[in-house]
Amino acid sequence: MSVRSGVPVTRGNQLNVAVVGAGYVGLVTSACLAELGHRVICLEIDRDRLNELQSGRLPIYEPSLEDLVLGNVESGRLSFAGDYAEALAHAAFAFICVPTPPLDNGHADTRHVITAARGAVEHGAIGLTVVIKSTVPVGTGDHIAHLAVYRARADVCVVSNPEFLRQGTAVRDFFQPDRIVIGTKDHEAGRGVAELYSGVSAPVVETSRRSAEMAKYASNALLATRISFMNEIAALCDATGANVDEVARIVGMDERIGPHFLRAGLGWGGSCFPKDVLALASMAALHGRRAPILDAVMATNDGQREVALQRILDAVAGIDDPRVTLLGLAFKPDTDDLRGSPAIDIIGRLSTHGIDVRAHDPVTIPNAARLLPGIGYRTDAYEAVEGADVVLLATEWDEYLHLDWRRIRAAMRGDTVIDGRNVLNEAHLRRLGFRYVAFGRGGQDWHELVEMDEHRTTSQRGRRPGRNAANRVPVADSAA
Ligand code: UDX
């Protein structure tokens, strides 16, 4: 038993593993398999990235991953290589962890996966098991299996083993997964892959390659659906005076529903949800099926960004040379990833309206500056809000939950705070004189009506007036 980064691990038999791709999934998979005791060679064909890794630098930010990579490199269980022959020479397993970006028509581009699988088949030893971690359209595993047979490698087994790693908690997700999915009808090959995870305690689900591939898409699409659904409810809450945080809490207490992925706000982004929901909808079209739910889920998500833009435009209407500050650029906290980030999208939309934008993010400013030059980036949140007419909280970094809003109020020119993640303490901000705007927390007009109503009721009862109905039930994730 070893413990690193708070992750308890029991080491089993040492097996030789090649991991193709040192991107986000490949690096996490390599480091975690090495931590489980296996001898792992991670193959990266991008020379710059490989050099970086070989000199001990990580190209991505992921909590506790650096320790895990460096520790396993030091122990000799993890190394990096630049070609298939070296990485595959002794490998019993080849994990395919390369990206499947969207094509213009929305389909997942599987070219990298096919190239990687071909490389593995060509250089792998007899009895190699190709394990597909990349998210691929249903049937890709079967296609690769045919490809191996075509190349006279009928000894190669292909297993679908989708990843469910969330950025920011990927290492924990690897060691404490809800399930390990093994997609193959070759029981022997499936047992071999399951054995690689023998230090991890989780239910192992054996299924067909196709069901495993579909399960990955269905999981991400359902999570995105929950969020879009709650965003639709949030809009109704704004229209009717209900509070979506409280609604989500009540709804989530139903065991059949559960509390996760019900947070309303700017909507979902990232490297997976947007491409996977789109790829699933495209897969449906390819098979002559309609996918109206998926279409609506994407449209609602896009609509959240437009709502945020409109709220900003309303707040700066009539102001000369308006300035807007975004707090947070990453698509979610604890990652430096900007892919699919609502913040980046909103900045793009603001720029077309000629609005001066400033932005702060605790880790991802260098990436953002490359992607969107011309924005006033600040490494200090208080500096970023100076002279702002509107502040939009776009990513719920922990740092933002502990800001001194009195100081921010004094630094801003205007008074509007748009809480894009429903995480700020509304009552506190209102007391400080902010015009607080959120997603489904009742809306400005309703807030005032509820307050007046409350005032009337409490005065009649002779109790201390001024308590705000919205604050009676504390919202778990509010922060000052
Ligand atoms: C996702 C899946 O969760 C993971 O299993 C898969 O393997 C990769 O894709 P990730 O993209 O890292 O992981 O982020 P996740 O934590 O799932 O969040 C996705 C997006 O949804 C983020 O933009 C987040 O801000 C948003 N979100 C999440 C909400 O808007 N509301 C919620 O309640 C939860």
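Order of appearance sets the numbers: ligands from 1, and atoms from 1 within every ligand. These values consider heavy atoms only, across backbone and side chains, with no hydrogens, waters or symmetry-generated copies. All residue numbers in this chain count up from 1 along the given sequence.
- Gln167 N, 2.6 Å is the protein heavy atom nearest to atom 12 (O) of ligand 1.
- Heavy atoms of Gly269 come nearer than 4.0 angstrom to ligand 1 in at least one pair.
- Applying the 4.0 Å criterion to heavy atoms of Lys216 picks out, from ligand 1, the atoms 7 (O).
- In terms of polar-atom proximity, defined here as any N/O pair under 3.5 Å, Arg263 does make such a contact with ligand 1.
- Selection from Phe273, Phe331, Phe439, Phe261 by nearest heavy atom to atom 1 (C) of ligand 1 gives Phe273.
- Remark: ligand 1 atoms within the under-4.0 Å shell around heavy atoms of Cys272 are 8 (C), 9 (O).
- Ligand-side atoms of ligand 1 in range of Asn220: 2 (C), 4 (C), 5 (O), 6 (C), 9 (O), range being under 4.0 angstrom from any heavy atom.
- Ile293 CD1: 12 or fewer foreign heavy atoms inside a 6.0 Å radius.
- Under 4.0 Å from ligand 1, the heavy atoms of Arg421 that appear belong solely to its side chain.
- Contact atoms of ligand 1 toward Gly267: 30 (O) (distance under 4.0 Å to a heavy atom of the residue).
- For Leu262, every heavy-atom contact with ligand 1 shorter than 4.0 Å involves the backbone, none the side chain.
- Using a 4.0 angstrom heavy-atom cutoff, Gly270 does not count as in contact with ligand 1.
- Looking at heavy atoms from C-beta onward, Val28 lies out of side-chain contact with Asp173 at the 4.5 angstrom threshold.
- Of the possible donor and acceptor atoms, none in the side chain of Ser228 sits under 3.5 Å from a partner among the backbone N and O of Thr300.
- Tyr197 and Phe174 have their aromatic ring centers within a separation under 6.0 angstrom.
- Atom 29 (C) of ligand 1 has its closest protein heavy atom at Ile227 CD1, 3.5 Å.
- The environment of CE in Met298 is crowded: more than 12 heavy-atom neighbours from other residues, nucleotides or ligands sit within 6.0 Å.
- Contacts between Leu165 and ligand 1 below 4.0 angstrom, taking non-hydrogen atoms only, involve the backbone exclusively.
- In terms of heavy atoms, Gly267 sits closest to Asn301 at CA-OD1, 3.2 Å.
- In this structure, Arg358 is not positioned above the aromatic face of Tyr377 in the sense of NZ or CZ being under 6.0 Å from the six-membered ring centre and within 45° of the axis.
- Here the side chains of Leu329 and Ile347 are in contact, with some heavy-atom distance below 4.5 Å.
- Taking every heavy atom of Glu163 and a limit of under 4.0 angstrom, the matching atoms of ligand 1 come to 7 (O).
- Under the 4.5 Å side-chain criterion, counting only non-hydrogen atoms from C-beta, Ile96 is not in contact with Lys133.
- Counted within 6.0 Å of CD1 on Ile114, heavy atoms from surrounding residues, nucleotides or ligands total more than 12; the atom is thus considered enclosed.
- Proximity annotation for atom 14 (O) of ligand 1: of Arg339, Lys332, Arg166, Met230, Lys332 comes nearest, heavy atoms only.
- In terms of protein heavy-atom proximity, atom 21 (O) of ligand 1 is closest to Trp268 CB, 3.4 Å.
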